[in-house]
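Structure first, commentary second.
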Amino acid sequence: MSALLLPEEIEALFTREDGTYSFARWGRPIAPIVFGVTDETLVTVKGAVEAVVTLAGHQMAETDPELGANLMFFFFREWGELLEVPDLDRMIPGLAPLVNRLAKGDASQYRAFRFDDQGAIQAAFVFLRMKGAMAEVPAETLALTQAVQVMLLWGERAFAEVSPLAVLPENGNTILRPEIAGVIAAAYDRMMPVAAQDASHALRLYARLQAPHSENADGEV
């Protein structure tokens with residue numbers, strides 16, 4: 001199987017705005033919870049998360065033993081509504097100035113992560129302001145896009161120019177782009193680290209896209 005992305009393209013997916021490489025994946029089963037939506041949308045969001053988790057070969061759970069829910073989606077119309085959520089300021093340090101900054105910037109979305117002592121993703125918070133263009137996005141497309149973006153710690157501009165999703169011309173269905181699906185699956189390979197700060201990690205992802213079963217005796221590429 002040939003890789004659909006070059007090593008430098010994979011590296012760019014996990015490069016921060018300051019030029020550093022920073023990768024992390026979930027180190028525990030994902031237990032999602034969704035606030036501010038109808039029951040129908042709730043099912044759609046959780047279904048999208050389950051689909052991406054299954055693709056990755058990771059696990060989901062009803063609850064996290066430490067946090068209860070470790071992946072939280074918040075849907076709202078105005079950023080100020082977040083300041084009314086009980087105890088959210090304890091989970092998101094500096095919540096008030098963050099909300100002020102996002103409101104002034106007319107932001108439509110924001111994601112925050114917490115990490116364990118191994119550097120793996122421990123919890124994620126997804127904030128979606130459902131106004132303007134964001135409110136016009138179909139629920140299935142929005143849910144799948146957000147599920148992809150919390151499955152790994154991507155660079156800030158990973159999907160700034162090209163969506164992780166694609167529309168099939170023959171039927172109009174929205175799917176995860178194969179090259180992004182491949183990166184997610186490779187990132188969750190059991191022999192890969194849960195976190196990495198060196199760009200050589202991108203080469204290891206590339207190697208798994210090239211030949212997923214090509215490993216040496218100790219399991220390393």
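- Listed by chain and residue number, nothing satisfies the side chain to side chain contact (heavy atoms under 4.5 Å, CB included) test with A51 (two or more places apart in sequence, or in another chain).
- Two different hydrophobic clusters hold V150 and F125 under the rule that ILVMFWY side chains link at heavy-atom gaps under 4.5 Å.
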Exercise. Are Q109 and R111 close enough, and set up right, to give a side chain to side chain donor-acceptor pair (under 3.5 Å), and what steps lead you there?
Worked result: CA-CA 7 Å; Q109 58 185 297; R111 282 170 294 278; 2.8 Å; yes
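- A distance of 11.5 Å separates CZ in F73 from CZ in F127, rounded to the nearest 0.5 Å.
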For this session: Begin with the C-alpha distance, continue with both residues' side-chain angles, and end with the deciding distance and a verdict on side chain to side chain donor-acceptor pair (under 3.5 Å) for R28 and Q59.
Result: CA-CA 8 Å; R28 58 179 64 195; Q59 301 84 38; over 6 Å; no
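- The structure places CD1 of I180 at 5.0 Å from CG of L13, a figure rounded to the nearest 0.5 Å.
- Linking Ile, Leu, Val, Met, Phe, Trp and Tyr residues whenever their side-chain heavy atoms come within less than 4.5 Å leaves V45 and I33 in two separate clusters.
- No side-chain donor-acceptor contact under 3.5 Å links Q146 to the backbone of A143.
- Side-chain N or O atoms of W154 include one that pairs as donor or acceptor with a backbone N or O of V148 at under 3.5 Å.
- Judged by distance alone, the side chain of D87 and the main-chain N or O of R90 form no donor-acceptor pair under 3.5 Å.
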Problem set entry | R16 vs E156, salt bridge (Lys or Arg N to Asp or Glu O under 4.0 Å): CA-CA, chis, key distance, verdict | CA-CA 6 Å; R16 316 301 296 175; E156 294 94 338; 3.2 Å; yes
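- Without hydrogens or angle criteria, E136 side chain to A133 main chain gives no donor-acceptor distance under 3.5 Å.
- When all heavy atoms are compared, the tightest approach of A31 to G68 is CB-O, 3.9 Å.
- For E50, the CD atom counts as loosely surrounded, since its 6.0 Å shell holds 12 or fewer non-hydrogen atoms of other residues, nucleotides or ligands.
- Looking at S163, its side chain does come within 3.5 Å of a backbone N or O of L165 through a donor-acceptor pair.
- Looking at T145, its side chain does come within 3.5 Å of a backbone N or O of T141 through a donor-acceptor pair.
- Checking side-chain atoms of R129 against main-chain N and O of R77 turns up a donor-acceptor pair under 3.5 Å.
- Side-chain contact of T44 with T41: a donor-acceptor pair under 3.5 Å is absent, judged by distance alone.
- In this structure, the side chain of R25 does not engage the main chain of L153 through any donor-acceptor pair within 3.5 Å.
- Every residue was checked against the ring-ring contact (aromatic ring centres under 6.0 Å, His included) condition with F75, not counting sequence neighbours, and none meets it.
- Distance CZ/R177 to CD1/I184: 10.5 Å, rounded to 0.5 Å.
- Between atom CZ of residue F115 and atom CZ of residue F113 there is a gap of 6.5 Å, rounded to the nearest 0.5 Å.
- The closest donor-acceptor contact from the side chain of N70 to the backbone of P29 lies under 3.5 Å.
- Between the CD1 atom in I30 and the NZ atom in K46 there is a gap of 13.0 Å [rounded to 0.5 Å].
- A 6.0 Å sphere centred on CD of E161 holds no more than 12 heavy atoms belonging to other residues, nucleotides or ligands.
- Between R204 and P193, the shortest heavy-atom contact is NH1-CD, 3.6 Å.
- Expressed to the nearest 0.5 Å, how far CH2 of W26 lies from CG of L152 amounts to 11.0 Å.
- Between H201 and F14, the ring-plane angle classifies as perpendicular under the 30° and 60° cut-offs.
- Legend: residues meeting side chain to side chain contact (heavy atoms under 4.5 Å, CB included) with L95, ordered by chain and number and at least two apart, are L83, L88, D89, I92, V99.
- A donor-acceptor pair is defined here as one N or O able to donate and one able to accept, closer than 3.5 Å; such a pair exists between the side chain of Y188 and the backbone of M151.
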